[in-house]
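All remarks here apply to the structure that follows.
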Amino acid sequence: MASGTDEALKHSGSVLAALSEKLYIIRGSCGAGSAVKMVNQLLAGVHIASAAEAMAFGARLGLNTRLLFDVITNSGGTSWMFENRGPHMIENDYTPLSALDIFVKDLGIVSREGSSRRVPLHIANIAHQLFLSGSAAGWGRLDDAAVVKVYETLSGVKVEGKLPVLNKESALQSLPPEWPVDPINEIRTLTENSLRTLIVLDDDPTGTQTVHDIEVLTEWSIESLIEEFKKRPKCFFILTNSRALTSEKASALIADICRNIDSAAKSVEKADYTVVLRGDSTLRGHFPEEADAAVSVLGEMDAWIICPFFLQGGRYTIGDTHYVADSDRLVPAGETEFAKDAAFGYKSSNLREWVEEKTKGQRPASSVSSISIQLLRNGGPDAVCEHLCNLQKGSTCIVNAASERDMTVFAAGMIKAELKGKHFLCRTAASFVSTRVGIIQKSPILPNDIGISRERNGGLIVVGSYVPKTTKQVEELKLQYGHVLKTIEISVNKVAMESSETREEEINRAAEMADVYLRNHKDTFIMTSRELITGKTPSESLEINFKVSSALVEIVRRITTRPRYILAKGGITSSDLATKALEAKRAKVVGQALAGIPVWQLGPESRHPKVPYIVFPGNVGDSNALAEVVKRWAHPGRLSTKELLLEAERGSYAVGAFNVYNLEGVEAVVAAAEEENSPAILQIHPSALKEGGVPLIACCISAAEQASVPITVHFDHGNSKQELLEVLEMGFDSLMVDGSHLPFKDNVSYTKYISSLAHSKKMLVEAELGRLSGTEDDLTVADYEAKLTDINQAHEFIDATAIDALAVCIGNVHGKYPSSGPNLRLDLLKDLYGLCSKKGVHVVLHGASGLSKEIIEECIKLGVRKFNVNTEVRKAYMDALSSPNKKDLINVMASAKEAMKAVIAEKMRLFGSAGKAC
């Protein structure tokens, strides 16, 4: 409005001068000019006062003052002053163009002149009193339209015409039905046949939030761009991070990139392109500066396209007004926290007015064209094409959209216009990009999809964004996972406002702590303190942002441990970490972690090649979104024994369960498993538990958690109900209920009871049917007590007890086999596996020590998925203790561990589990 007011005042001044000259000639006396001015100020003051009174009255009547203003300006009751000052009142914007105190002075002169000439100026005097009241209230230096505040104070209403908050469901349902045909396949055909590449200049990395299988460049040398053009891609991104720069630097950067793009395109035969300036969906960023910079290099475009629609972020444009979804409401963008951004704030929610506001009147709202939802849904791509082709060259066009179909219809129409020779410069959010190149959305990416499901190091989560939405998400993350995450809070005051020494100490502290946590397999959460520190000017605020961002960069740069994944929250944060801390020059967008949250794989030149990099925008998702992503990407923890055996069943191999008694035994199993890349089970016998107690269990669990391969902890041969009830509370992954010494019915009852309790704790239950002869840990079963598993009893036993694994007796023994060798009933094993496999029960064979390679392999073929190993490992340990030349306890421990490890590793290779760790 500023430019319109200035123009009107100049025009008014010239008219007054001309009229004053004529009046001077007619009157033939002095003072004509000042007299005309008094009459003009009387009318102006009365008009402003009456406009204020009318708008206050409308507000008191409950009318929407913005709509009221639109109605009056199109009726006979309007006036130039009403149209000029009304918007100031509606927008509550009283930046002084003509101060209220001017009318206190001028109407005072009018009042005195009327009194001296005995002319009753009732209306002017009342207007004067209104302006006096406003001045007395302290509003004298505000714009003269602030006289409306007098009415607001007296009546208790607000004239400020905020756009209404809409009910989301009602607003969307009130729109016409969508265009009936999805043009996505047409777009894919058109783009595949076109040589024109869509080049997206992304002012932060979050613009990739709707695409997949697209390259991102973080540098834009002509050589790199030529290489990219030669690939003939439909699209690629260039990460500019320009939102972190000052306006001048952003403009220079965009101009430089555009020059390189143009030069590269001219070097590649038939290379053509369309430039998209991807910006924030809540209208923040360097507009129109970046667009002006691009045009200065690439030449004038047929039109600028403004399209901030972004479904995944809840951004809709309806009736030319941009809305931000907040639960079940649609809030005008100008009324949200995003509009109050210290560097990129704005007031207008209507995109036409936003263009005028941002261009400082150079592109008036009245000159901005609009593609309505009605046109998209009733006319389709052809209507869009016709509209775009008829735009005046160099004009601006905003795009309404409330669904992905709307966006697809527009993209198809735009492509058709481009095929007719039109060239557009687009300022858009992320949704436009994916529809413009015909990308079909796919399900969220999970760690399994890119092969990191069993990576052991912790994930790194870095949060720098300060928008209120991020703060809520951080609070929810800490509430849900604070007990699991290792949190490091960075003091913004220390890194941005205090001495360089204090800043360095804070950075060093955070990097050292993070390294320790990540190495110890802990997901690590680095966050800036939540107090928002801003500067006195936008440039000062950007400088503070830079100091905070650069501190986060330095922290991540100093972390030497390769994280399992990296999550960066906030546009500037994610850009700086990718380019400066991780030194990525290119990356591939593999998909999204959640809707609107892209996942990159870092390029080979980066510090951590192929590490998943989750770019989490500051303004995306509900309060639970950050916690949800961390939950999906956090290390799944140890596999259960059941999962180990399921994997063995799928892979037709067996897992070794090795009895352990002390630290050396535990370390031997884990070391062999890691060396052979094999899963394994640490197994504790009741006698070992009696000697080692809870510390032995804790040692096994800790070793399993720290191992780089899947390890579980199993309690073996639980033949005492009281003992098993205690074992259920000790942290084991699985247990064996051994009622083999009991009569069949008692065995069933005993096993069923414990099985039910164990399953409630998600523990695998193994049981034995039949009885093995031999000795294990001083427990001996005589040959005459041993008996084979009965196939008919097995059927009943499994159904009655709901066990997960059956330890079968087929002639196997605990301890050493007789000199004649083992005599296993493999035919019985075959029948038992046939029964068990139908019921989802795994077959276990105790007494694997002393079995030949051929027998082991045949047992695996016949379905054995878990072998218990004890005797051979114990013998290796005892032999190591008795060997000479052990000068120190450390030497004894080391040699014993190595001796056991060798036996265990051999068994893993024999069982077929080597190389099967997942």
Side-chain angles (χ1 to χ4, degrees), residues 1-14 48 51 65-75 78-98 143-145 160-163 247 251 277 279 283-296 300-308 317-322 332-334 339 344-372 375 387-388 390-400 424-428:
M1 292 297 178
S3 61
T5 303
D6 294 343
E7 185 179 340
L9 289 173
K10 289 177 183 177
H11 176 69
S12 176
S14 62
I48 293 170
T65 52
R66 186 176 293 274
L67 297 177
L68 174 65
F69 176 78
D70 290 340
V71 170
I72 297 300
T73 53
N74 289 290
S75 72
T78 190
S79 70
W80 183 90
M81 196 59 80
F82 176 83
E83 292 180 14
N84 187 267
R85 297 308 199 266
H88 298 204
M89 302 174 193
I90 294 169
E91 299 292 344
N92 195 28
D93 181 4
Y94 300 113
T95 305
L97 301 175
S98 173
D143 186 73
D144 49 39
E160 182 180 359
K162 292 184 178 180
L163 285 164
S247 176
S251 296
L277 300 172
L283 309 179
R284 298 170 299 170
H286 293 294
F287 177 84
E289 293 85 358
E290 290 185 346
D292 286 333
V295 167
S296 72
E300 188 176 21
M301 300 289 164
D302 288 293
W304 291 5
I305 305 296
I306 310 294
C307 183
T317 305
I318 302 171
D320 296 344
T321 296
H322 195 51
F344 302 111
Y346 55 91
K347 295 177 180 177
S348 303
S349 301
N350 181 288
L351 290 183
R352 292 172 184 262
E353 295 171 5
W354 178 82
V355 169
E356 178 174 332
E357 178 185 346
K358 284 296 182 179
T359 61
K360 296 181 171 58
Q362 293 179 9
R363 290 178 179 248
S366 58
S367 72
V368 177
S369 178
S370 168
I371 290 180
S372 67
L375 183 145
H387 184 97
L388 293 175
N390 289 331
L391 290 175
Q392 184 178 348
K393 192 173 182 66
S395 61
T396 304
C397 179
I398 65 170
V399 181
N400 288 272
F424 303 105
L425 180 67
C426 304
R427 177 80 182 187
T428 79

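Contact of the Ile305 side chain with the Leu388 side chain is registered, since non-hydrogen atoms from C-beta on lie closer than 4.5 Å. The shortest side-chain heavy-atom distance between His387 and Ser372 does not fall under the 4.5 Å cut-off. Residues His286 and Ser251 form no side-chain contact, since every pair of their non-hydrogen atoms from C-beta on lies 4.5 Å or further apart. For the pair Trp304 and Asp292, the minimum side-chain heavy-atom distance is below 4.5 Å.
A pairwise comparison of heavy atoms in Phe287 and Trp354 identifies CD2-CH2, 3.5 Å as the closest pair. Nearest approach of Gly86 to Phe69, heavy atoms of both residues: CA-CE1, 3.9 Å. Here the closest heavy-atom approach between residue Ser349 and residue Ala333 is recorded as OG-N, 3.6 Å. When all heavy atoms of Phe82 and Ala51 are compared, the closest pair comes out as CD1-CB, 3.7 Å. When every heavy atom of His88 is checked against every heavy atom of Asp143, the shortest pair comes out as ND1-OD2, 2.9 Å. Across all their heavy atoms, Tyr346 and Glu357 have their closest contact at CA-OE2, 3.2 Å.
Here Pro96 pairs with nothing under the side chain to side chain contact (heavy atoms under 4.5 Å, CB included) rule; sequence neighbours left out. Taking the side chain to side chain donor-acceptor pair (under 3.5 Å) definition, one finds that Thr78 meets it with Glu83, sequence neighbours left out. Residues satisfying the side chain to side chain contact (heavy atoms under 4.5 Å, CB included) criterion with Leu68, sequence neighbours excluded, are Met55, Leu63, Ile72. Here Glu353 pairs with Arg66, Glu91, Ser348, Asn350, Ala365 under the side chain to side chain contact (heavy atoms under 4.5 Å, CB included) rule; sequence neighbours left out. Thr317 is linked by a side chain to side chain contact (heavy atoms under 4.5 Å, CB included) to Pro308, His322, Leu351, Asn400, counting only residues two or more places apart in sequence or in another chain.
If you take CD on Glu290 and CG on Leu425, they are separated by 10.0 Å, rounding to the nearest 0.5 Å. Note that CD1 of Ile371 is 12.0 Å distant from CD1 of Ile306, once rounded to the nearest 0.5 Å. Interatomic distance, OG of Ser98 versus CD1 of Ile48, reported as 6.5 Å (0.5 Å rounding).
Within the 3.5 Å criterion, the main-chain N or O of Ala145 finds no donor-acceptor partner in the side chain of Arg85.
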Check: residues 392-399 side-chain donor-acceptor pairs under 3.5 Å, at least two apart:
residue: Lys393; atom: NZ; partner: Asp302; partner atom: OD1; Å: 3.4
residue: Ser395; atom: OG; partner: Gln392; partner atom: O; Å: 2.7
residue: Thr396; atom: OG1; partner: Arg363; partner atom: NH1; Å: 2.5

